[in-house]
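All values below were derived from every heavy atom in this structure, side-chain atoms included, with hydrogens, water molecules and symmetry-related copies excluded.
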Amino acid sequence: MASVAGLTRFLLGKNVINNSRAGAIKFYSTAPQYENIKIEVVGEKKNVGLIQLHRPKALNALCKPLFKELGKAVKDFDADKAIAAIIITGNEKAFAAGADIKEMQNNTYSSNTRDGFLQEWEDVSNCGKPVIAAVNGFALGGGCELAMLCDIIYAGENAKFGQPEINIGTIPGAGGTQRLPRYVGKSKAMEIVLTGNFFGAQEAEKMGLVSKVFPVDKLLEETIKLAERIGTHSPLIVKMAKQSVNQAYETTLKTGLQFEKSLFYGTFATGDRQEGMNAFIEKRTPAFKND
């Protein structure tokens with residue numbers, strides 16, 4: 001889609017696309033019902049849901065059909081008891097270079113309100129299972145916001161993040177102005193949003209947006225390892241832990257501590273808590289049953 005590529009060059013301004021690392025990432029079979037994403041179940045125990053954004057000619061620009069498919073895939077994996085965690089990734093050039101500007105160019109305030117523009121994004125944020133972003137290449141605008149919707153971000157060395165909406169006369173609309181301050185602080189978030197400048201993976205890690213940085217060709221492998229590690233724990237307790245951490249961004253410290261304690265007490269009503277403590281005392285591996 002030439003218009004998106006042209007727009008990306010515009011948003012880049014004086015920034016230069018750097019694809020110095022080659023190293024192909026192996027992706028998997030395409031599900032026939034999807035046109036804009038690829039999905040597969042991966043990992044040694046086949047318990048990790050992998051979703052690859054797949055609009056390579058448009059640098060994975062986030063059009064509405066793509067997000068509908070992404071939302072469906074996330075909900076399907078969330079409902080699948082065999083899946084422990086979900087990974088969202090792109091390709092080496094782009095995780096997602098932003099929203100599809102051509103698609104929303106003629107939107108109006110009325111149409112956005114009437115049609116619930118961007119509402120599909122909630123499917124990712126509402127997922128009960130851990131969602132991990134594996135980011136290579138560009139994660140700009142909506143791409144950066146999509147990464148922040150995920151619970152953990154791993155990045156390749158060539159990753160470039162940014163919120164360049166200011167360059168085209170608008171502001172982030174899918175969480176950029178709200179999640180960034182929570183992750184990186186007010187001053188840094190202001191700088192990112194008000195300048196539209198990009199920042200690399202190492203800076204993103206330094207500011208706390210990214211958990212770890214890997215060589216491009218090792219990123220997916222390491223992200224799958226993380227998902228598999230999460231998958232060794234009780235799915236029920238993992239879900240509760242995710243809820244508790246997320247609560248920290250929604251409430252005061254006092255309210256959050258009360259919420260955490262309530263969930264902590266709640267774990268004592270589960271069979272998996274009993275099994276985990278029994279296994280620890282008996283010096284064996286716990287056999288969690290999601291109960």
Side-chain angles (χ1 to χ4, degrees), residues 27-43 45-55 60-91 95-96 99-100 103-104 112 115-135 139 142-154 173-176 178-179 220 223-224 226-231 233-247 249-250 263 272 288-291:
F27 287 109
Y28 305 86
S29 60
T30 306
Q33 69 267 35
Y34 296 125
E35 296 182 1
N36 299 286
I37 64 174
K38 293 181 178 181
I39 67 167
E40 185 59 57
V41 176
V42 299
K45 296 182 178 179
K46 297 296 181 182
N47 65 343
V48 178
L50 176 65
I51 304 171
Q52 180 201 4
L53 310 183
H54 190 62
R55 297 185 72 207
N60 292 332
L62 300 170
C63 62
K64 190 167 185 176
L66 183 152
F67 235 95
K68 281 189 174 182
E69 292 180 1
L70 176 61
K72 182 181 186 307
V74 167
K75 287 190 288 187
D76 287 348
F77 279 140
D78 197 24
D80 188 341
K81 293 181 179 180
I83 298 298
I86 302 165
I87 296 171
I88 299 176
T89 193
N91 56 47
F95 175 73
D100 192 327
E103 181 184 69
M104 64 180 180
N112 287 342
D115 301 335
F117 187 54
L118 301 180
Q119 196 164 2
E120 295 89 353
W121 291 63
E122 295 178 9
D123 292 333
V124 178
S125 61
N126 290 338
C127 182
K129 293 176 180 175
V131 182
I132 309 165
V135 178
C144 187
E145 290 171 309
L146 173 58
M148 288 190 291
L149 278 176
C150 299
D151 301 302
I152 302 170
I153 305 175
Y154 272 10
Q178 301 303 298
R179 290 189 172 91
L220 188 57
T223 309
I224 292 173
L226 171 64
E228 289 180 309
R229 172 60 176 154
I230 292 170
H233 304 303
S234 161
L236 177 62
I237 304 302
V238 166
K239 184 174 183 178
M240 294 171 74
K242 172 176 172 173
Q243 289 175 339
S244 191
V245 173
N246 281 335
Q247 189 72 7
Y249 292 97
E250 305 296 334
L263 283 184
D272 281 352
F288 295 122
K289 297 181 179 179
N290 197 21
D291 179 24

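Interatomic distance, Leu53 CG to Leu70 CG, rounded to the nearest 0.5 Å: 6.0 Å. Here the CD1-CD distance, from Ile39 to Gln33, works out to 5.5 Å after rounding to the nearest 0.5 Å. Separating the CG atom in Leu236 from the NZ atom in Lys289 is a distance of 14.0 Å, to the nearest 0.5 Å. Note that CG of Leu66 is 11.0 Å distant from CD of Glu35, once rounded to the nearest 0.5 Å.
For Asn126 (side chain) and Glu122 (main-chain N/O), a donor-acceptor pair under 3.5 Å exists by modelled atom type. Looking only at distances, no side-chain donor or acceptor of Lys72 sits under 3.5 Å from a matching main-chain atom of Tyr34. Remark: side-chain polar atoms of Lys38 are not paired, donor with acceptor, to backbone N or O of His54 under 3.5 angstrom. Put simply, the side chain of Asp272 never gets that close to the backbone of Phe288: no donor and acceptor are under 3.5 Å apart. With Asp151 contributing its side chain and Ile132 its backbone, the two residues share no donor-acceptor pair below 3.5 Å. A donor-acceptor distance shorter than 3.5 angstrom exists from the side chain of Glu69 to the backbone of Asn36, with no hydrogens or angles considered.
Taking both residues in full, the closest heavy atoms of Gly90 and Asn60 are given as CA-ND2, 3.7 Å, listed atom of the first, atom of the second, then distance.
With sequence neighbours left out, Asp80 forms a side chain to side chain contact (heavy atoms under 4.5 Å, CB included) with Ala82, Ile83. Here Ala174 pairs with Leu118, Trp121, Glu145 under the side chain to side chain contact (heavy atoms under 4.5 Å, CB included) rule; sequence neighbours left out. Scored by the salt bridge (charged side-chain N to carboxylate O under 4.0 Å, His left out) test, Lys45 finds no partners at all (sequence neighbours excluded).
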- Message: With side-chain contact (heavy atoms from CB on, under 4.5 Å) as the criterion, how do Asp78 and Asp123 come out once you've worked through the C-alpha distance, each side chain's angles and the decisive distance to 0.1 Å?
- Response: CA-CA 10 Å; Asp78 197 24; Asp123 292 333; over 6 Å; no
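Within 6.0 Å of the NZ atom in Lys68, the count of heavy atoms belonging to other residues, nucleotides or ligands does not exceed 12.
Here the side chains of Lys129 and Val238 are not in contact, with every heavy-atom distance at 4.5 Å or above.
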